[in-house]
2 protein chains.
Amino acid sequence: MANHATQTSFALRHFRRSEFLARPTEHSDNLYRIQEGWAGQYRLLKDGRRQITALFLPGEYCEPQWLLGASATLPVVALTPLRAYAIPLDQISRRPDHLGDSAARVFSGMLKAMRGRERWIVNLGCLTATERICDLICEVYDRLEGTGQTIKNRCAMPLTQYEIADIVGISPVHVNRVLQGLRGTGIIELRNRRLVLCDPAALRHMSGPPATVGSSAAIAEP
Amino acid sequence: MANHATQTSFALRHFRRSEFLARPTEHSDNLYRIQEGWAGQYRLLKDGRRQITALFLPGEYCEPQWLLGASATLPVVALTPLRAYAIPLDQISRRPDHLGDSAARVFSGMLKAMRGRERWIVNLGCLTATERICDLICEVYDRLEGTGQTIKNRCAMPLTQYEIADIVGISPVHVNRVLQGLRGTGIIELRNRRLVLCDPAALRHMSGPPATVGSSAAIAEP
DNA sequence: CGTTTGTTTGAAATAACTCAACGGGAGTGG
DNA sequence: CCACTCCCGTTGAGTTATTTCAAACAAACG
């Protein structure tokens with residue numbers, strides 16, 4: 001799908017697990033397009049609590065905010081061994097064939113990132129532990145499907161239960177119990193970093209009620 | 001500070017409590033600058049659960065995303081009676097004296113909004129009920145202080161306990177008990193929609209540990 | 001083969017929720 | 001001015017979801 005020549009015209013960088021793609025203090029002069037592996041943006045509190053605020057999957061651009069000239073606000077770390085193309089910022093506007101109209105791309109990228117963050121706020125604020133985990137699984141699967149990385153309800157799932165815990169805001173051992181529950185009811189299979197959605201409909205049903213459409217009442221507290 | 005002529009050159013619109021500033025379906029052709037009153041962006045789930053994803057306070061621009069030409073993604077509602085200037089989108093680029101370089105303004109506005117969302121993800125994912133409420137109070141106070149709307153540790157606080165609950169993701173009655181605890185220890189006073197920070201240092205201390213700086217270890221799970 | 005990293009399990013503790021009811025204040029209409 | 005309602009804050013008691021601690025186990029790794 002992608003032009004092979006333009007793909008290889010950028011430097012392919014390798015990262016080990018836990019290696020930084022970005023740190024808040026240092027200024028980054030390029031943008032990454034992930035080729036293989038998963039990355040995560042997170043925030044760490046002084047007492048050790050950690051919250052992962054975004055996931056970056058293969059095929060996705062990591063941190064479009066950087067295009068705005070600012071340095072990263074939160075660290076981004078490789079959650080698995082990772083390969084990514086480093087796209088120098090100053091080349092982006094000169095390559096309409098590759099990144100298209102840069103301003104429009106950046107805008108739409110930021111809007112998408114914003115919606116992702118809003119989605120997770122709702123997730124963390126409203127949903128139960130089981131719903132959050134099901135929703136995470138659905139989101140990951142859908143994003144991988146969007147870039148053709150799924151086959152017949154199967155996809156990669158390299159996240160540690162500790163990492164899932166830091167995404168969905170519940171404790172690691174509770175993540176374990178919820179996952180066991182899901183496996184026990186035959187909704188998913190999850191072994192060896194591979195995920196199978198045995199019953200996608202049931203899974204979506206468990207990931208919380210859908211949002212209402214716009215025309216509903218502003219405030220309805222019975 | 002603001003030029004009176006430019007201020008009054010935009011239409012001042014009034015909203016009753018619970019009235020919409022924006023609805024997801026309809027296309028909005030202007031941006032609001034809030035003059036007085038509070039607004040909130042939220043999402044409502046089919047079973048009645050609601051999560052407020054952003055607050056808009058006097059002096060702030062409501063929904064800079066609209067500048068990108070897209071319609072609103074989530075509804076925005078007046079949480080109090082509200083007055084706001086409606087700034088037509090097509091006038092923004094023609095008025096460098098008022099909004100400055102529009103592209104740069106929009107970018108920085110989006111970045112700020114993004115950081116706000118990230119902050120709330122961390123808040124909802126990591127903090128306890130008391131910490132979340134203290135953090136909300138701190139954030140609101142700081143934002144009001146930034147636009148000169150505080151006097152000697154006092155500011156407005158028109159949010160209902162139900163609304164606070166839908167911001168911090170805990171139940172209304174628990175919000176009540178947490179607030180009583182804070183009042184009981186003399187850290188804050190909160191009566192008649194007015195807030196007093198009796199002990200700002202203690203309040204900040206209760207709003208959770210600060211974030212680590214960038215140079216810390218990527219993963220530290222003891 | 002030992003060491004580390006990740007998963008699984010149990011039992012006790014606790015944070016937060018639900019349900020239900022009461023009370024005060026602010027409007028509103030008679 | 002009273003009675004009414006509605007919205008909001010406050011309480012209490014019982015329940016549930018989730019956490020914590022601790023330990024054992026399995027799998028990956030050098």
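Since we're looking at a predicted model, the values are computed, not measured. Proteins come first, then strands; the chains are lettered A, B, ... in the order of their sequence lines, and each starts at number 1.
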Here the distance between atom C1' of dG9(D) and atom CD1 of I133(B), to the nearest Å, is 14 Å
Pick one: which of R132(B), R119(B), R204(B) meets salt bridge (Lys or Arg N to Asp or Glu O under 4.0 Å) with E139(B)?
-> R119(B)
Among dT19(D), dA28(D), dT11(D), the one nearest H174(A) by side-chain distance = dT19(D)
Reckon R49(A) touches a base, only the sugar-phosphate, or nothing at all at heavy-atom distances under 4.0 Å?
-> nothing
Using a cut-off of strictly less than 4.0 Å, decide whether R17(A) has a side-chain nitrogen or oxygen near OP1 or OP2 of dG6(C).
-> yes
Answer yes or no: side-chain N or O of R177(A) and base N or O of dT20(D) forming a donor-acceptor pair under 3.5 Å.
-> yes
Starting from C1' on dC8(D), measure out to CD on E163(B) and report it in whole angstrom.
-> 11 Å
Grab the CG-C1' distance between L182(B) and dG9(D) for me, whole Å please.
-> 16 Å
Compute the centroid of each ring, for Y61(B) and then for Y85(B), and state whether the two points are separated by less than 6.0 Å.
-> no
Residue T128(A), side-chain atoms from C-beta onward, closest of dT18(D), dA28(D), dT20(D) | dT18(D)
Point-to-point distance, once rounded to the nearest 0.5 Å, from OH of Y141(A) to CG of L203(A) = 10.5 Å
How many Å lie between CG on L159(B) and C1' on dC8(D), as a whole number?
-> 13 Å
Would you please confirm or rule out a distance under 4.0 Å between OP1 or OP2 of dT11(D) and any side-chain N or O of Q180(B)?
-> yes
With respect to the side chain of Q161(A), which nucleotide from dT10(D), dA28(D), dT7(C) is positioned closest?
-> dT7(C)
Salt bridge check: are E189(A) and R183(A) linked by an N-O gap of less than 4.0 Å?
-> no
Between C1' of dG6(C) and CZ of R191(A), the distance in whole Å = 17 Å
With sugar-phosphate meaning primed atoms plus P, OP1 and OP2, does R132(A) contact a base, only sugar-phosphate, or nothing at under 4.0 Å between heavy atoms?
-> nothing
Any side-chain N or O of N176(A) less than 4.0 Å from the OP1 or OP2 oxygen of dT8(C)?
-> yes
Can you check whether any acceptor in the base of dT5(C) is under 3.5 Å from a donor in the side chain of R193(A), or vice versa?
-> no
Just how far, in rounded Å, is P of dC8(D) from CG of L190(B)?
-> 14 Å
From CG (L82(B)) to OG1 (T80(B)), nearest 0.5 Å = 5.5 Å
Counting side-chain heavy atoms from C-beta on, which of dT7(C), dC17(C), dT10(D) comes nearest to S171(B)?
-> dC17(C)
I164(A) has an atom CD1; how far is it from atom P of dT5(C), in whole Å?
-> 19 Å
When the nearest nucleotide of DNA chain D is assigned to L127(A) and to N192(A) on a heavy-atom basis, which residue is associated with the more 5' position?
-> L127(A)
Nearest to side-chain heavy atoms of I170(B), which nucleotide of dT8(C), dT20(D), dC17(C) = dC17(C)
Which value, rounded to the nearest 0.5 Å, describes the distance between L136(B) atom CG and L127(B) atom CG?
-> 11.5 Å
Between dA15(C) (P) and E131(B) (CD): distance, integer Å | 12 Å
Among the nucleotides dG9(D), dT19(D), dT7(C), whichever has the atom closest to the side chain of Y162(A) is dT7(C)
